[in-house]
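Since this is a predicted model, take the numbers as computed values, not measurements. Each chain gets a letter, A, B and so on, in the order its sequence line appears, and its residues count up from 1.
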Protein chains: 2
Amino acid sequence: MARPRIGQERREEILAAFEACVARKGFAGTTLTDVAQEAGQPRSLVRYFIGNRADMVNALIDRLLLRGEEQFRQWPGHGTPEDMHRFVLDRIFADQTTNIVIMELWHLALRDDALRARLAAIYKQVILEVAAMMADENDPHPEAQDRAFSAVALAFGTAFFRYLGIAPASPDRIRAISRQLLDQHSLSAQELET
Amino acid sequence: MARPRIGQERREEILAAFEACVARKGFAGTTLTDVAQEAGQPRSLVRYFIGNRADMVNALIDRLLLRGEEQFRQWPGHGTPEDMHRFVLDRIFADQTTNIVIMELWHLALRDDALRARLAAIYKQVILEVAAMMADENDPHPEAQDRAFSAVALAFGTAFFRYLGIAPASPDRIRAISRQLLDQHSLSAQELET
DNA sequence: GCGAATCTTGTCAATGATGACAATTTACGT
DNA sequence: ACGTAAATTGTCATCATTGACAAGATTCGC
């Protein structure tokens, strides 16, 4: 061997810079020159370490998805409905910068089947985890999954609306509603009428 | 005067073509040449009738927002919770092609304050209308607005998830949940405990 | 037919982003 | 110190997209 390889670290720097650019200008809006500038390197180095633009985009997508999948591996596993809804609302949909990047991912996923499938798998897993927690709490119940779906969809919609500057008059009330969705017994009666 | 002006009709054709392109390739992904091809006109005509690219984008945004605002002017005004939730779920978040264009609008809104404000106004109005319907149904209630918020956010999240291919096991159960959100009395008890 | 406003065609230069690559420098093992 | 693999610099041609415009054709009122 000769000179030691520092490629992996450089790649990380570059991807971090790329992510910052994406948060600021979006995928379509950031050029290799933008990334290079953000990373404090000449453009040719970015090309050298990360390949062409498509490679760079794919690398960042991988990084983001791996991070997302990792996040759910630290899932509490079980807990009170309080814990669950706090986890969903506060931890997953909290950081605004992250949310912007996530929306960028969604936008890409509109026209990328593989990415869409991978995003779907993550959200499905979240829903399943929430449903499993509910089942842990009480008896297993076939409708748990649909109520988990509702709770996550509500959190998702709330996060999007928050970004528009639309917030509920009382966030606590949304929490109460979310908690209620995660509580097995409060719906059963009404549901059976349908 | 001399030759009659046909600019307005041409503009409509061009914007329709642009909208089709946006649904297929997104705002950032469609070029003037794409629009011209879709409209069956040379690119120079597109430029002549609609101006530069920014003009074209703004014109389409206006068209889309006006259409959205118009849609809520046909709002039933009042009705049973059934009517409400059917309106929200089936009519607003139904058509997939429209949804894609809406997601494109959202994506633009990430970095366009004016557009974001205008989108926010539309969704706020939807929430207010739903809340007003609920107040019509029974007594006015301060929490109606927050439950309307929840119902719309849930519908929004459901629409997004549907696009990912994530659907609840039983759509009817989501409808039941949505109905419950729109029902004044089912939450009050739990809420006061908090 | 004629003038005038409008439409239509076609071409051009400027811009900006990308991919490619040659030439040079660095840092390590021996 | 020397060879070698890796890193670094800088430049170039290519391509797509946009904006601009000159020249011509159309359609109306008169």
From B:Trp106, B:Phe149, B:Phe161, residue fulfilling ring-ring contact (aromatic ring centres under 6.0 Å, His included) relative to B:Phe156: B:Trp106
Rounded interatomic separation in angstrom, taking [atom1] from [X] and [atom2] from [N]:
X: A:Phe18; N: C:dA17; atom1: CZ; atom2: C1'; answer: 14 Å
X: A:Gln37; N: C:dA17; atom1: CD; atom2: C1'; answer: 14 Å
X: A:Asn52; N: C:dG19; atom1: CG; atom2: C1'; answer: 8 Å
X: A:Asp34; N: C:dG16; atom1: CG; atom2: P; answer: 12 Å
X: B:Asp55; N: D:dA20; atom1: CG; atom2: P; answer: 10 Å

Residues in side chain to side chain donor-acceptor pair (under 3.5 Å) contact with A:Glu9, at least two apart in sequence or another chain: none
Where at least one partner belongs to residues 41-58 of chain B, residue pairs that pass side chain to side chain donor-acceptor pair (under 3.5 Å), sequence neighbours excluded: B:Glu13-B:Gln41
Ion pair A:Arg118/A:Asp62, N-O distance below 4.0 Å: yes
Could you list all N or O pairs between the protein and nucleotides 7-11 of chain C that sit under 3.5 Å apart?
residue : atom : partner : partner atom : Å
C:dC7   : OP1  : B:Ile6  : N            : 2.8
C:dC7   : OP1  : B:Gly7  : N            : 3.3
C:dC7   : OP2  : B:Tyr48 : OH           : 3.1
C:dC7   : O3'  : B:Arg3  : NH2          : 3.3
C:dT8   : OP1  : B:Arg10 : NH2          : 2.9
C:dT8   : OP2  : B:Arg10 : NH2          : 3.3
C:dG10  : N7   : B:Ser44 : OG           : 3.2

B:Thr31 and B:Val35, any side-chain heavy atoms less than 4.5 Å apart: no
Side-chain donor/acceptor of B:Tyr163 to backbone N/O of A:Leu110, under 3.5 Å: yes
Positions of residues 20-32 of chain B (non-hydrogen atom under 4.0 Å from DNA chain D), listed by number: B:Thr31, B:Leu32
Give every donor-acceptor pair under 3.5 Å between a side-chain atom in residues 15-24 of chain A and any protein atom, sequence neighbours left out.
residue : atom : partner : partner atom : Å
A:Glu19 : OE1  : A:Arg67 : NH2          : 2.9
A:Glu19 : OE2  : A:Arg67 : NH1          : 3.0
A:Glu19 : OE2  : A:Arg67 : NH2          : 3.4
A:Arg24 : NH2  : A:Glu38 : OE1          : 2.7

For A:Asp112, all residues meeting side-chain contact (heavy atoms from CB on, under 4.5 Å), sequence neighbours excluded: A:Ala114, A:Leu115
